[in-house]
There are 2 protein chains.
Amino acid sequence: MSLTHRVPDLGALELLLAVARHGSLGRAAREVGITQPAASSRIRSMERRLGVALVDRSPRGSRLTEAGALVTDWARRVVEAAEAFDAGAQALRDRRDSRLRVAASMTIAEYLLPGWLIALRAGRPDTAVSLRAGNSAAVAEALLAGDADLGYVEGLAVPPGLDGVVVGRDRLLVVAAPRHPWARRRAPLTPAELAATPLVLREYGSGTRQVLDSALAGHGGVAEPLLELASTTAVKAAAVTGAGPAVLSELAVTEELASRRLVAVPVAGAEFRRELRAVWPAGHRPTGPARDLLGLSRPGD
Amino acid sequence: MSLTHRVPDLGALELLLAVARHGSLGRAAREVGITQPAASSRIRSMERRLGVALVDRSPRGSRLTEAGALVTDWARRVVEAAEAFDAGAQALRDRRDSRLRVAASMTIAEYLLPGWLIALRAGRPDTAVSLRAGNSAAVAEALLAGDADLGYVEGLAVPPGLDGVVVGRDRLLVVAAPRHPWARRRAPLTPAELAATPLVLREYGSGTRQVLDSALAGHGGVAEPLLELASTTAVKAAAVTGAGPAVLSELAVTEELASRRLVAVPVAGAEFRRELRAVWPAGHRPTGPARDLLGLSRPGD
DNA sequence: ATGAGCCCATAAACTGACCTTATGAGCCTC
DNA sequence: GAGGCTCATAAGGTCAGTTTATGGGCTCAT
């Protein structure tokens, strides 16, 4: 039936990665903390389930088969997503009294922060991080009230009372399903055309909506939306199924663009960039773990 | 301990997504094929494990909490990776006698094909697909011998005896850890500099290596590699930890670039693009399921 | 050549997570 | 207030994955 019955569980995938690294079932077993027979049986049952031999066993160790190498690469992506899940969830848990309290806008919390937290944990395993997600105003408020040590916002400017540095850039992209007429255009869209067309947008789109509104203000403003949906993913899904063009953060659609489930439509003349900034109360440069995290998120310096 | 104890299993994540979609535990349970009490207990145990309330229960249904919405988005990425795993693995299983036999180069098989197969399954659930991965020569051979119905290759030209269409473009990027001096350069690298620098490269890098060699042939050829590693991921890992600059497919590093674990270094004057092509025996345009898959991979037409 | 040390496989028994069925309680609509 | 929906709790069954114990194959050094 469903995924669960066809895809091995995370433990099995981790075990497979360990086998790939070590070239031995026994040593892989030790790494993930089980005994060798358990590993043997688990890999075998995974091979049965997939119907493909994954490792070549020999008295001198085990190597991945060609198919095994491919499966391992797919498994790695699943495990990496699970690590990001874990890093985010762990930060979400420690509501109060954490050593490092971070407040971030939704896009950053969703797509970037988990990666930074994985890196932070690699360097400082004992740092407990807590995370609050909200719009720019909420982030600023948390920082100024002393409820957060470091913030991340996306938008056009640093909120008043805060200092900040740019840690990345994001673009809003106009995307459409490959079958949509816009996907085949030669000429870029004009801002006026975009403004006149009903789009699929986020409902509570503070970040996205704000940039879009200000970019199109001079062209008559954004048209009445075709659909207003509650989550980024809902918007993506609507766009993929061809409901209409959507405007989404570049970070949210890298996957879909690579696999061509969505196509980016160039727009002439309008600037849809927005800065991603780390912010803190004016005059109080972050110290301690906040400084470490800041360093990870702007690694160029 | 490890990931498995902190991250809910795939079934629980799917259930959570179903709850988000339906706004009700009971209906979500029905969707994933379990009973309502099972769903209730599973969601509860997930909340206990994460230490965060995920859904607001009420006599009129259940809605995600704010934290729940964030967790659900992370969960979705895990589930999507699992779906890609499944699509790939399923194709790998049906070695022989499948209705649609695909041969693809490694990069395409790894990063793009699973997405296309998910889409193919959505439209034609009963099509059994089999997959062989290999370099361009192996793909061509399989097609000409009648062992494959459709092929995908990356490279500079269509192999002799085949027809093909471009289904996408890929760039090779020079990437370095954020702390590497190249990450802070203002001026683009010159091809000669690149050619003179020892790099981290794939060992059996037919595709990547071929493009790199030909692009740098006029500048003295590629220097002796710093490291030669067996998998794309090993190369990425080495680059991230600062072993040295690497040259990798854009498709392989979108994640790392977005989270700034790696930085792309511009190169002046050298063209590192390569075409991704669907190919078939000359004169035998694909029909049936092969045509469907071809349509999915070049959705622009 | 023979024993030590690595590799993996198999067998039997234990454990626990997850499932189902059965039931109850709260809220809303008619 | 009956019937619809919602979710929670309790009791019992099932099965995957675990451990411990054992055996066989290969290689290397003595």
Side-chain angles (χ1 to χ4, degrees), chain A residues 1-65 68 72 75 79 82, chain B residues 1-65 68 72 75 79 82:
Chain A
M1 338 262 154
S2 82
L3 225 50
T4 317
H5 301 89
R6 293 189 309 241
V7 178
D9 61 74
L10 287 170
L13 298 181
E14 279 189 291
L15 176 62
L16 179 61
L17 297 187
V19 171
R21 265 197 301 282
H22 289 122
S24 150
L25 293 191
R27 261 184 290 168
R30 229 169 301 143
E31 179 185 317
V32 306
I34 61 177
T35 58
Q36 172 268 318
S40 175
S41 126
R42 210 158 182 192
I43 294 283
R44 181 168 296 284
S45 95
M46 182 156 45
E47 290 178 315
R48 248 205 328 276
R49 177 168 355 211
L50 300 180
V52 178
L54 299 175
V55 302
D56 270 335
R57 296 140 172 95
S58 91
R60 312 186 289 299
S62 299
R63 282 184 53 77
L64 293 178
T65 61
T72 302
V79 170
Chain B
M1 341 251 154
S2 81
L3 225 47
T4 317
H5 301 89
R6 293 188 312 240
V7 178
D9 62 75
L10 288 170
L13 298 181
E14 278 190 292
L15 176 61
L16 179 62
L17 298 187
V19 170
R21 262 197 303 282
H22 289 122
S24 150
L25 293 191
R27 261 182 292 167
R30 227 167 304 142
E31 180 185 316
V32 307
I34 61 178
T35 58
Q36 172 268 319
S40 175
S41 125
R42 208 155 185 195
I43 294 282
R44 180 168 297 282
S45 96
M46 181 154 50
E47 289 179 315
R48 248 203 330 275
R49 177 169 355 210
L50 300 180
V52 179
L54 298 175
V55 302
D56 269 335
R57 295 138 173 94
S58 91
R60 307 188 293 298
S62 299
R63 281 185 55 79
L64 294 179
T65 62
T72 302
V79 170

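In what follows, chains are A, B, ... by sequence order, proteins preceding strands, each numbered from 1.
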### Task
Report the C-alpha separation of A:Leu64 and A:Leu16 in whole Å, then their side-chain angles, then the decisive distance to 0.1 Å, and conclude whether the side-chain contact (heavy atoms from CB on, under 4.5 Å) test is met.
CA-CA 9 Å; A:Leu64 293 178; A:Leu16 179 61; 4.1 Å; yes
### Message
For a quick check, with a 4.0 angstrom heavy-atom cut-off, what is the B/S/- contact string for nucleotides 20-30 of chain C, read 5' to 3'?
### Response
BBB---BSS--
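The separation between A:His5 atom NE2 and C:dC18 atom P is 13 Å, rounded to whole Å. The CE-P distance, from B:Met46 to D:dC7, rounds to 14 Å in whole Å. Rounded to a whole Å, the CZ atom of B:Arg63 is 21 Å from the P atom of D:dC5. For B:Leu15 and C:dC18, the CG to P distance is 12 Å, given to the nearest whole Å. To the nearest angstrom, C1' of D:dA16 lies 11 Å from CZ of A:Arg48. For B:Arg49 and C:dG16, the CZ to P distance is 15 Å, given to the nearest whole Å. If you measure from atom CG of A:Leu25 to atom P of C:dT10, you get 12 Å, rounded to the nearest angstrom. B:His22 places its NE2 atom 16 Å from the C1' atom of D:dC5, with the value rounded to the nearest Å.
Taking a cutoff of 4.0 Å between a charged side-chain nitrogen and a carboxylate oxygen, B:Arg49 and B:Asp9 do not qualify as a salt bridge.
With hydrogens and angles disregarded, no donor-acceptor distance shorter than 3.5 Å links the side chain of B:Ser40 to the backbone of B:Gln36.
The partner of D:dT30 is C:dA1, judged by Watson-Crick or G-U wobble contacts that both fall below 3.5 Å.
Side-chain contact between B:Glu47 and B:Leu50: absent, with no pair of heavy atoms (C-beta onward) separated by less than 4.5 Å. The side-chain heavy atoms of B:Arg21 and B:Glu31, taken from C-beta on, include a pair separated by under 4.5 Å.
Residues B:Val19 and B:Leu25 share a closest heavy-atom pair of CG2-CD2, 3.7 Å.
Contact between the side-chain N/O atoms of B:Arg57 and the OP1/OP2 oxygens of D:dT6 is not found at any separation under 4.0 Å. Remark: A:Arg42 is not in phosphate contact with D:dA16, judged by side-chain N or O atoms under 4.0 Å from OP1 or OP2. Residue A:Arg27 places at least one side-chain N or O closer than 4.0 Å to OP1 or OP2 of C:dC7. Between B:Ser40 and D:dC7, a side-chain N or O to OP1/OP2 separation shorter than 4.0 Å is absent.
Of the two residues near DNA chain D, B:Gly26 and A:Ser45, the one whose nearest nucleotide lies more 5' is B:Gly26. Along DNA chain C, the nucleotide nearest to A:Ser41 and the one nearest to A:Gly61 differ in position, and the one closer to the 5' end is contacted by A:Gly61.
Considering CE of A:Met46 and CG of A:Leu54, their distance stands at 6.0 Å, rounded to 0.5 Å.
When heavy atoms are screened at a 4.0 angstrom cut-off, A:Asp56 is found touching no nucleic acid atom at all.
When distances run from any side-chain atom of B:Arg30 to the nucleotides C:dA9, D:dG17, D:dT6, the shortest one goes to D:dT6.
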